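Accompanying notes for the structure given below.
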Number of protein chains: 2
Amino acid sequence: MAIVKYNYLNAAKFLKALSHPTRLMIVNELASGKKCVNDIKELVQANQPNISQHLSLLKLSGIVDSRQNGKMKCYFLKDEPMMRELFNNLKKNKLI
Amino acid sequence: MAIVKYNYLNAAKFLKALSHPTRLMIVNELASGKKCVNDIKELVQANQPNISQHLSLLKLSGIVDSRQNGKMKCYFLKDEPMMRELFNNLKKNKLI
DNA sequence: TAAAGATATTCGAATATGATTATATGATAA
DNA sequence: TTATCATATAATCATATTCGAATATCTTTA
């Protein structure tokens with residue numbers, strides 16, 4: 001009897017993690033390289049705790065990782081080529 | 001001052017519409033061609049109203065469209081090549 | 001037109017998400 | 001060690017999602 005829904009859980013979680021304007025924006029910024037929270041704050045219109053929450057969700061979803069850099073914390077994509085491909089796809093289809 | 005979040009709204013909505021296991025499954029099935037609700041019901045483990053709700057959301061999001069076919073209603077992807085590409089991407093990256 | 005089959009809509013309960021505010025933590029420099 | 005800068009967490013509230021049950025709406029055929 002057919003395919004099990006289980007197979008789609010991971011992909012659904014992945015897409016869900018990306019399905020927020022702020023998070024999409026963050027990921028798109030990170031697609032061009034590692035950035036610290038402060039940089040991100042300048043690019044994204046949201047306050048600090050909100051950005052931090054979104055970053056934490058992205059990290060939990062396995063999309064980004066982070067490294068302490070002196071006083072600052074920098075975030076980067078765990079799979080940059082993959083994300084680039086996804087964003088190119090979205091752009092090609094006029095979704096961004 | 002940076003890029004506006006507005007630009008990401010459409011893409012976020014699109015991804016959100018896809019970010020549910022049942023809907024992903026439905027869309028993946030439709031990627032190989034038009035299917036009637038009954039066919040979909042056989043493939044997806046969910047009851048009829050639930051499937052109908054998900055289909056309606058997909059339609060509102062502009063991802064699918066439908067055509068009455070006698071007593072039945074058939075759903076199809078509005079942009080099949082695009083979805084195929086997206087799913088190939090997900091498969092390539094072991095997300096499905 | 002009535003019955004039956006196929007699909008859609010509505011509603012309520014449970015749960016999840018997102019924003020804001022306040023507070024806490026960690027790292028460095030003085 | 002204290003002060004300060006940078007970031008994270010917690011608590012709260014408002015809103016959104018999801019599902020199941022009940023019911024409604026087509027569409028066709030008898």
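All chains are named by letter (A, B, ...) in the order of the sequence lines, taking the proteins before the strands, and each is independently numbered beginning at 1. These numbers were taken from a predicted model, which means no experiment stands behind them.
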Would you say B:Lys59 and B:Ser66 are linked by a side-chain donor-acceptor pair, where the criterion is simply a distance under 3.5 Å?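 On atom types as modelled, these side chains qualify, holding a pair under 3.5 Å.
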Looking only at side-chain N and O atoms, does A:Lys91 offer a donor or acceptor that is under 3.5 Å from a partner on A:Asn28?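 A donor-acceptor contact under 3.5 Å links the two side chains.
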Please tell me whether A:Leu57 and B:Tyr8 are part of a single hydrophobic cluster in this structure, the criterion being side-chain heavy atoms less than 4.5 Å apart.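 No, separate clusters.
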Are B:Met72 and B:Leu77 linked, directly or through intermediate hydrophobic residues, by side-chain heavy-atom contacts shorter than 4.5 Å (ILVMFWY only)?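 No; tracing contacts between hydrophobic side chains, which count when under 4.5 Å, never links both residues.
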For [X] and [N], is the shortest distance between a side-chain N/O and OP1 or OP2 below 4.0 Å?
| X | N | value |
| --- | --- | --- |
| A:Asn47 | C:dT20 | yes |
| A:Lys16 | C:dT17 | yes |
| A:Tyr75 | D:dA8 | yes |
| B:His54 | C:dA8 | no |

Rounded to the Å, how far apart are [X] [atom1] and [N] [atom2]?
| X | N | atom1 | atom2 | result |
| --- | --- | --- | --- | --- |
| A:Ile51 | D:dA6 | CD1 | C1' | 12 Å |
| A:Leu24 | C:dG18 | CG | P | 12 Å |
| B:Lys35 | C:dT7 | NZ | C1' | 18 Å |
| B:Met72 | C:dT7 | CE | P | 6 Å |
| A:Lys59 | D:dT7 | NZ | P | 13 Å |
| A:Leu60 | C:dA16 | CG | P | 15 Å |
| B:Asn38 | C:dA8 | CG | P | 11 Å |
| A:Lys73 | C:dG26 | NZ | P | 10 Å |

Taking the side chain as every heavy atom from C-beta outward, state whether B:Asp65 and B:Phe76 have any atom pair closer than 4.5 Å.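 They are in side-chain contact.
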If you assign each of A:Leu57 and B:Leu55 to its closest nucleotide in DNA chain C, which residue comes earlier from the 5' end?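 Taking each residue's closest nucleotide, the earlier one in sequence belongs to B:Leu55.
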Among D:dT7, C:dT9, C:dT7, which nucleotide sits nearest the side chain of A:Ser52?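 When the side chain of A:Ser52 is considered, D:dT7 is the closest of D:dT7, C:dT9, C:dT7.
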Kindly list each side-chain donor-acceptor pair under 3.5 angstrom involving residues 15-24 of chain A, sequence neighbours excluded, with atom names and distances?
{"from": "A:Ser19", "atom 1": "OG", "to": "A:Lys16", "atom 2": "O", "distance (Å)": "2.8"}
{"from": "A:His20", "atom 1": "ND1", "to": "A:Thr22", "atom 2": "N", "distance (Å)": "3.1"}
{"from": "A:Arg23", "atom 1": "NE", "to": "A:Ala17", "atom 2": "O", "distance (Å)": "2.6"}
{"from": "A:Arg23", "atom 1": "NH1", "to": "A:His54", "atom 2": "ND1", "distance (Å)": "3.0"}
{"from": "A:Arg23", "atom 1": "NH2", "to": "A:Lys16", "atom 2": "O", "distance (Å)": "3.4"}

Is the base of D:dA8 touched by the side chain of A:Gln48 through a donor-acceptor pair closer than 3.5 angstrom?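 Counting by modelled atom types and ignoring angles, a donor-acceptor contact under 3.5 Å is found here.
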Surrounding NZ of A:Lys35 (heavy atoms of other residues, nucleotides or ligands, distance under 6.0 Å), is the total greater than 12?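 Enclosed: over 12 neighbouring heavy atoms sit under 6.0 Å from NZ of A:Lys35.
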How close do [X] and [Y] get, counting heavy atoms only, and between which atoms?
| X | Y | answer |
| --- | --- | --- |
| B:Lys78 | B:Gly62 | CD-O, 3.3 Å |
| B:Tyr75 | B:Val64 | CD2-CG2, 3.8 Å |
| A:Ile51 | A:Lys41 | CD1-CA, 3.5 Å |

Determine, for nucleotides 24-30 of chain D in 5'-to-3' order, which nucleotides have protein heavy atoms under 4.0 Å from the base (write B), from only the sugar-phosphate (write S), or from neither (write -). ---BS--
Please write out the pairs of protein N or O atoms and N or O atoms of nucleotides 10-13 of chain C separated by less than 3.5 Å, giving the distance to one decimal.
{"from": "C:dT10", "atom 1": "O4", "to": "B:Gln53", "atom 2": "NE2", "distance (Å)": "2.9"}

